[in-house]
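Below: the structure, in structure tokens.
Numbers here simply count residues along the sequence, with the first being 1. Everything numeric in this text was worked out from a predicted model, so none of it was measured.
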Amino acid sequence: MKTSALKLTRSRGCILAVAVLAAACGDPDRPGPIDPPRDTTTTVGPSGFKACSNGLAGDFSCDGVNLMSRLTLTGFANSGGNANDVWGWTDPATGIEWALVGHSEGTAFVSLRDPERPVYTGLLPLTEGASPSLWRDIKVYRDHAFIVADGAGRHGMQVFDLTQLRGVSNPPQSFTATTTYDRIHSAHNIVINEETGFAYSVGGGGGSDTCGGGLHMIDIRTPADPRFAGCFADEATGNRRTGYTHDAICVAYRGPDTEHRGKEICFGSNETALSIADVTDKANPAALAAVSYPDLGYTHQGWLDEEHEYLYMNDEFDEYNRGRTRTLVWDIKDLDDPIVATEFDHGTAVSDHNLYVVGDMMYQSNYAAGLRILDISDRENPREIAFFNTEPGAADQPGMWGAWSNYPFFASGVIPVSSMGGGVLFVKRAN
């Protein structure tokens, strides 16, 4: 049953006051993670393979997902802190898959040549003079990693040539950035459209060109020489009505809306709304839609299906109001008039976090409930088919601890899952 969405206008006040658990340095209105429970093991190397059998893989509850290996935080983050984002890179020359794991002090590079024995190969520390941060975000384009951090002072966007990881003979090694783009300071996320070669820093703060916290557009077609391309912020959205974008996905649009087919379109999760914008002309970007939805908590992140007909979105705070974890399924066949087609109830009360879509599968990192895998072959009727809970004994309640993100795009089927207090776990579907 399709749900009526709430259209926003620029004259409207704040839709809903968000209860802030922990303020970020860059934007005090944005909710943030609380201190996660610390892993108390003394393991510094990887733990081994454990099959999911009778609902358990070692100490971890599971269904249809095996544990390949695990690196605890002490295995790659000497000063502690917390793990946050995780992304991946496959070396085109060697075929080796690499996990790029963000944490408070920098970015760790983990070789998955043998996923049952991952090797922590090195660290790219945070930018000199920047501050450790709960939030780090990483994307990859043309064999380069692009890294931002939120509430981190003058961090900028680090660019790192990943081919430097080849042939490291004495790991772990300390690396330096290939270059650092300094027209931003802190940023919550970095979004990359690999088809066009443009990056979008979002959730900017702390000075420099914040673009209202919206899309700070960067030409990265020459990765080592990133260049400012423009700003977009829909002031009908965001808690402060600056167009603040928490996260986004930007694509060369191939969906059914013929009016916009072939254009570069960004779908922003903007705290209070889904924002859709045409950013084809970086000097003259245009808002297409800004739409809210019932029981709003905090519009956090979303991902498209491959046909560009549906967008799947998580709301990080609605569990505090609703008591149930849900995924919003947006029908975006008309980009100027998106509607909530349905809501998937996960049957839990935990807060949901980052999700990604690969073919007919959706992979969600839902904090205390771990990795949840959903079949979305029937786009408006998702169903959970497998899970791996990275947090043994965690309570079924809202909160910002546990599984932060995952990277389900490796050809091998290995999925790195980051756990704020537990490090990074490498899992794989059992069938």
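- A donor-acceptor contact closer than 3.5 angstrom links the side chains of Glu97 and Ser412.
- In summary, the side chains of His260 and Asp336 do present a donor paired with an acceptor at a separation below 3.5 Å, with no hydrogens or angles considered.
- Contacts classified as disulfide (SG to SG under 2.5 Å) and involving residues 391-431 (residues at least two apart or in different chains) are not found.
- Between the NZ atom in Lys282 and the CG atom in Asp219 there is a gap of 8.5 Å [rounded to 0.5 Å].
- If you take OH on Tyr293 and CG on Leu274, they are separated by 9.0 Å, rounding to the nearest 0.5 Å.
- How far OG of Ser201 is from CG of Asn189: 9.0 Å, rounded to the nearest 0.5 Å.
- No donor-acceptor contact under 3.5 angstrom links the side chains of Gln364 and Asn314, judged on distance only.
- Both tests do not hold together for Arg261 against Tyr253: distance to the six-membered ring centre under 6.0 Å, angle to the ring axis within 45°.
- Judged by distance alone, the side chains of Glu316 and Tyr367 do bring a donor and an acceptor atom under 3.5 Å apart.
- Within the 3.5 Å criterion, the main-chain N or O of Gly204 finds no donor-acceptor partner in the side chain of Thr210.
- Residues satisfying the side chain to side chain contact (heavy atoms under 4.5 Å, CB included) test with Asp318, not counting sequence neighbours, are Asp315, Arg322, Arg326, Asp352.
- Within the structure, disulfide (SG to SG under 2.5 Å) pairs that include any residue of residues 238-305 comprise Cys250-Cys266 (at least two apart or interchain).
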Pair His353-His300, side chain to side chain contact (heavy atoms under 4.5 Å, CB included): steps then yes or no: CA-CA 7 Å; His353 207 231; His300 179 264; 3.0 Å; yes
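- Counted by atom type alone, Arg136 and His155 present one or more donor-acceptor pairs between their side chains at under 3.5 Å.
- Phe175 has its ring centre less than 6.0 Å from the ring centre of Phe109.
- Taken from CZ in Phe232 to SG in Cys211, the straight-line distance is 11.0 Å, to the nearest 0.5 Å.
- The distance from atom CG of Leu134 to atom CG of Asp150, rounded to the nearest 0.5 Å, is 9.5 Å.
- Using modelled atom types, one finds no donor on one side chain facing an acceptor on the other under 3.5 Å when comparing Glu264 with Thr280.
- No hydrogens or angles considered: a donor-acceptor pair under 3.5 Å links the side chains of Glu391 and Ser419.
- Arg429 and Asn431 share a donor-acceptor pair across their side chains, judged by distance under 3.5 Å alone.
- A donor-acceptor pair shorter than 3.5 Å can be found between the side chains of His246 and Tyr298.
- Using modelled atom types and a 3.5 Å distance limit, the side chains of Thr299 and Asn270 yield no donor-acceptor pair.
- Considering CZ of Phe410 and CH2 of Trp98, their distance stands at 10.5 Å, rounded to 0.5 Å.
- Remark: Asp360 engages Arg379 in a salt bridge, criterion side-chain N to carboxylate O under 4.0 Å.
- Using the six-membered ring where Trp is involved, Phe409 and Tyr356 have ring planes that are perpendicular, over 60° apart on the 30 and 60° scheme.
- Counting only distance, with no hydrogens or angles, the side chain of Ser405 and the backbone of Asp85 share no donor-acceptor pair below 3.5 Å.
- Aromatic pair Phe344/Tyr312: centroids not less than 6.0 angstrom apart.
- When only modelled atom types and interatomic distance are considered, Thr348 and Thr325 share a side-chain donor-acceptor pair under 3.5 Å.
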